[in-house]
2 protein chains.
Amino acid sequence: MSRTRTPLSRERVFAAAVAVADADGLAHVTMRRVAGELGVEAMSLYHHVANKEALLDGLLEALMAEVDESVAAVERRSPEPDWRRALRRRFLTARSAMLRHPWAPQLITSRTSVPASVYGYYDRVLGTMVDGGLSYHLAHRGLHAFGSMALGFAQELFAPPGGEDVDPAAEEEEMAAMAGAFPHLAAMVASEVHDAGDEVLGWCDSQTEFEFTLDLLLDGLERASRSRDAR
Amino acid sequence: MSRTRTPLSRERVFAAAVAVADADGLAHVTMRRVAGELGVEAMSLYHHVANKEALLDGLLEALMAEVDESVAAVERRSPEPDWRRALRRRFLTARSAMLRHPWAPQLITSRTSVPASVYGYYDRVLGTMVDGGLSYHLAHRGLHAFGSMALGFAQELFAPPGGEDVDPAAEEEEMAAMAGAFPHLAAMVASEVHDAGDEVLGWCDSQTEFEFTLDLLLDGLERASRSRDAR
DNA sequence: ACCTGAACACCGTTCAAGT
DNA sequence: ACCTGAACACCGTTCAAGT
């Protein structure tokens, strides 16, 4: 039994946190559980992270590192001079990275302070807009307009982030109640399902919706840039 | 000491939950704390709500009831036939209601299933678009594009929902680090502060940004509607 | 220096017991 | 029918103690 005790480190702690979140969802990322993943007691973690907040900050840092890598890889392969196309592709790349970690949106929205890695990412987004000819004023508005879309996810109210336990029975029940109580939604579902021929619960193609909204914002920003500077 | 024990009820429980959230933030909305607010033991709550999830669902229902009231009051006072102006005003009314409860965004994004009251609200938003001449297909895209903006809040990454404890020292420190490490963000802040003459931390007018993004989306939807149906 | 056991003050929730 | 006390299995965190 040569239990070669690899010494703990911040990196190992954060990697374990990612593993737990991927496997069981964000709610299971507890000091005790992450420690268990490393074959150690909960209290040992406190030698490497100040407290649970710091653990979650590190979890977000690890996630952003993965996003940054994905984005950099794509942009190295084929540089894109047009700012709109560059941002579009970058956000969709971020999205594909985020989709591998369905707990990401909930983690980001729960953080009260944004770690440096997120600032770094947004700094590059801003740089792309300014290099593309947008004023700082309009680029600033662009940052706000994109919001979390820059990181690859929209505020999807009817398709929650997931990662936690989703009750399909409750969802079914909601759908049934919906048909009776909400005439416009029911008519819309009927109309869209008719066009798509898809099954009822799969009719929202969030990838398509994401791209549609993104293009609405990109087009609007460019139009504002071409006419006069906004406001 | 005539402790006139008003009997518990779902309504009283949810109202107490709102009071706790308003006073101390969402994290303090616990079974024990809400019960304490009502002068009762935690276990008594279980006679009126199934569990904590149900308590949070009720909290959201109470919030939506307030939003619905605000919106209905405005729309009774002065009906608005134009769908864009109607939605714009409705979302801004929702926003002013949400701003009274800074814990609202976090509550909504944390919910894994959306309660009926939210469906009702979105059903009316959809109805407004369809009555305004948008196809169900485009109106569906509109619902996704608005996302949480329909409820009055954007995914503000650099101005977190708040309600919980915010550490001003840490924020100060982040700002200082930003200036050195993130050239584009630093230049943007400098440029915007110069134009506005405002203090450093107050330069993001989220009301203005919210309206700008909202108009970008409304304009884009109308343009898509006027040309041909999207996609 | 790094890890740990026991302890503290909290959680949500169950269950048998009170009125 | 409605409320409760004690208990259980969890949290994050502190602190004195081990190696």
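Every chain is numbered from 1, with letters handed out A, B, ... down the list of sequences.
Remark: C:dA6 base-pairs with D:dT14. Criterion, Watson-Crick or G-U wobble with two distances under 3.5 Å.
Between A:S44 and the phosphate of C:dT4, there is a side-chain N or O to OP1/OP2 separation shorter than 4.0 Å.
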Practice problem: Would you check, one step at a time, whether the test salt bridge (charged side-chain N to carboxylate O under 4.0 Å, His left out) holds for B:D68 with B:R124? | Solution: CA-CA 10 Å; B:D68 283 340; B:R124 290 188 289 279; 3.0 Å; yes
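The residues B:E75 and B:R89 are annotated as not salt-bridged, no charged nitrogen and carboxylate oxygen being separated by less than 4.0 angstrom. Using a 4.0 Å cut-off between charged nitrogen and carboxylate oxygen, A:R88 and A:E211 count as a salt-bridge pair.
In this structure, the CZ atom of B:R10 is 16 Å from the C1' atom of D:dC2, given to the nearest Å. Rounded to a whole Å, the NE2 atom of B:H28 is 17 Å from the P atom of C:dA9. To the nearest angstrom, C1' of C:dT4 lies 13 Å from CG of A:L8.
Between the side chain of A:T93 and the main chain of A:V71, no donor-acceptor pair closer than 3.5 Å is present. With A:Y121 contributing its side chain and A:A150 its backbone, the two residues share a donor-acceptor pair below 3.5 Å.
Under a cutoff of 6.0 Å and an axis angle of 45°, B:R95 and B:F210 form a cation-pi pair.
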Quiz prompt | Under 4.0 Å protein heavy-atom contact, by nucleotide of nucleotides 12-19 of chain C - B base, S sugar-phosphate only | solution = BBB-----
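Judged by atom type and distance alone, A:H47 does not reach the base of C:dC2 through any side-chain donor-acceptor pair under 3.5 Å.
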